[in-house]
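Basis for what follows: all heavy atoms, side chains included, without hydrogens, waters or symmetry-related copies. Both ligands and their constituent atoms are indexed starting at 1 by order of listing. Note that the coordinates shown come from a computational prediction; the quantities given were computed from them, not determined experimentally.
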Amino acid sequence: MKRILTIQDISCIGKCSVTAALPILSVMGIETAILPTAVLSAHTAFASYTFHDLTSEMPAIIADWKAQGITFDAIYTGYLGSIAQVSIVESLLSQFRTEDTLLFVDPVLGDFGRLYSGFSMDFPHHMKRLCKAADVIVPNLTEACCMLDIPYPDDGYTDTEICRILQGLAGFGAKQVILTGVSFADDSVGFMGYDAVRSEYFSYFHQKFPQQFHGTGDVFASTCAGGLLRGLSLEASACLAEDFTLECIRKTCAAPDQRWYGVHYEAAFPFLIHRLYP
Ligand code: PXL
């Protein structure tokens with residue numbers, strides 16, 4: 001069985017980060033180890049939350065794994081709790097990453113043109129370092145703009161502008177880039193991707209729901225990483241991830257007032273299982 005290590009926070013309520021990655025990757029048949037970056041009572045979009053930073057615990061966990069000879073087929077980073085954790089992840093990579101290890105980076109920084117609560121303005125600059133080292137990165141448009149240090153295009157954008165953003169992101173060093181949450185029309189949304197090795201673009205769009213739900217980026221990233229570990233191409237993995245995220249949203253629309261509680265992926269697992277094991 002393939003083993004992935006995911007490095008992100010434990011938000012006790014709100015079904016994002018680890019509480020999305022673990023069930024999704026497990027359903028996909030992948031053993032999932034976790035390196036928690038922080039423990040929060042709820043994710044940071046709730047009206048209040050506690051935050052216990054685990055930066056000081058991470059090196060000891062990593063050293064213990066090293067002493068035990070533990071290995072990973074893939075490393076998937078998400079929400080990091082402090083700038084210092086970027087260096088800790090870099091140290092982990094120098095010890096555990098081999099030529100065959102997939103490094104999948106979701107540079108979790110913000111959404112809707114704004115950084116998430118608690119992140120300093122220089123955090124995107126540090127997150128860029130992980131994007132440089134990655135095989136695959138999956139930022140949303142907000143995260144892409146923050147890392148490229150360009151204004152968020154509130155008033156819309158063209159296909160050409162998105163291609164330029166993809167080129168800019170690939171310029172950091174990652175081999176493949178997926179930009180999520182791309183929308184050229186009110187009723188459609190999807191992703192655009194760029195394979196820097198083949199100099200190829202690809203994209204996928206589908207129906208857009210008027211409601212917005214928290215945690216969909218984590219559902220997308222987890223499913224996409226899982227697809228890659230199952231041997232799918234990046235394009236096929238991202239299409240699967242997009243379809244599953246959409247199905248999760250569909251299932252959640254019955255309870256739209258719950259938007260901060262994460263999507264109902266539990267109800268959408270039959271869809272994912274059917275796609276994986278037809
Ligand atoms: O879903 C991204 C995310 C992950 N972890 C925490 C968050 C957020 C977004 O708000 O607050 C703690």
Those atoms of ligand 1 less than 4.0 Å from some heavy atom in Cys16: 1 (O), 4 (C), 5 (N)
Hydrogens and angles aside, do Ser11 and Tyr79 bring a side-chain donor and acceptor to less than 3.5 Å of each other? no
Strictly under 4.0 Å, does any heavy atom of Gln8 approach an atom of ligand 1? no
With a heavy-atom distance limit of 4.0 Å, tell me whether Thr44 approaches ligand 1 through its side chain, its backbone, both, or neither. both
Checking Ser87 against Arg129: is there a side-chain donor and acceptor pair closer than 3.5 Å? yes
For Tyr116, take its heavy atoms, then give the atoms of ligand 1 lying under 4.0 Å from any of them. 9 (C), 10 (O)
Anything under 30° is parallel, anything over 60° is perpendicular, the rest tilted; go ahead and classify Phe244 against Phe269. parallel
Side chains of Tyr204 and Asp243: donor-acceptor distance under 3.5 Å anywhere? yes
May I ask which of Tyr79, Tyr49, Trp260 has a heavy atom nearer to atom 7 (C) of ligand 1 than the others do? Tyr79
Please examine the side chains of Phe202 and Ile178, heavy atoms only from C-beta on, and report whether any two atoms are closer than 4.5 Å. yes
Tell me which protein heavy atom sits closest to atom 2 (C) of ligand 1, plus the residue, atom name and distance to 0.1 Å. Asp218 OD2, 3.5 Å
Any side-chain donor paired with an acceptor under 3.5 Å for Glu235 and Ser233? no
Does ligand 1 have an atom under 4.0 Å from some heavy atom of Gly217? no
Indicate, as side chain, backbone, both or neither, the part of Leu40 found under 4.0 angstrom from ligand 1 when only non-hydrogen atoms are considered. side chain
Distance-only N or O hit between ligand 1 and Asp9, under 3.5 Å: yes
Around atom 4 (C) of ligand 1, find the nearest protein heavy atom and jot down its residue, atom name and distance. Ser17 OG, 3.0 Å
Over 12 foreign heavy atoms within 6.0 Å of CG, Asp186: no
Top protein contact for atom 9 (C) of ligand 1, by heavy-atom distance: His214 NE2, 3.3 Å
For Lys15, the option from His264, Glu266, His43, His214 that meets side chain to side chain donor-acceptor pair (under 3.5 Å): Glu266
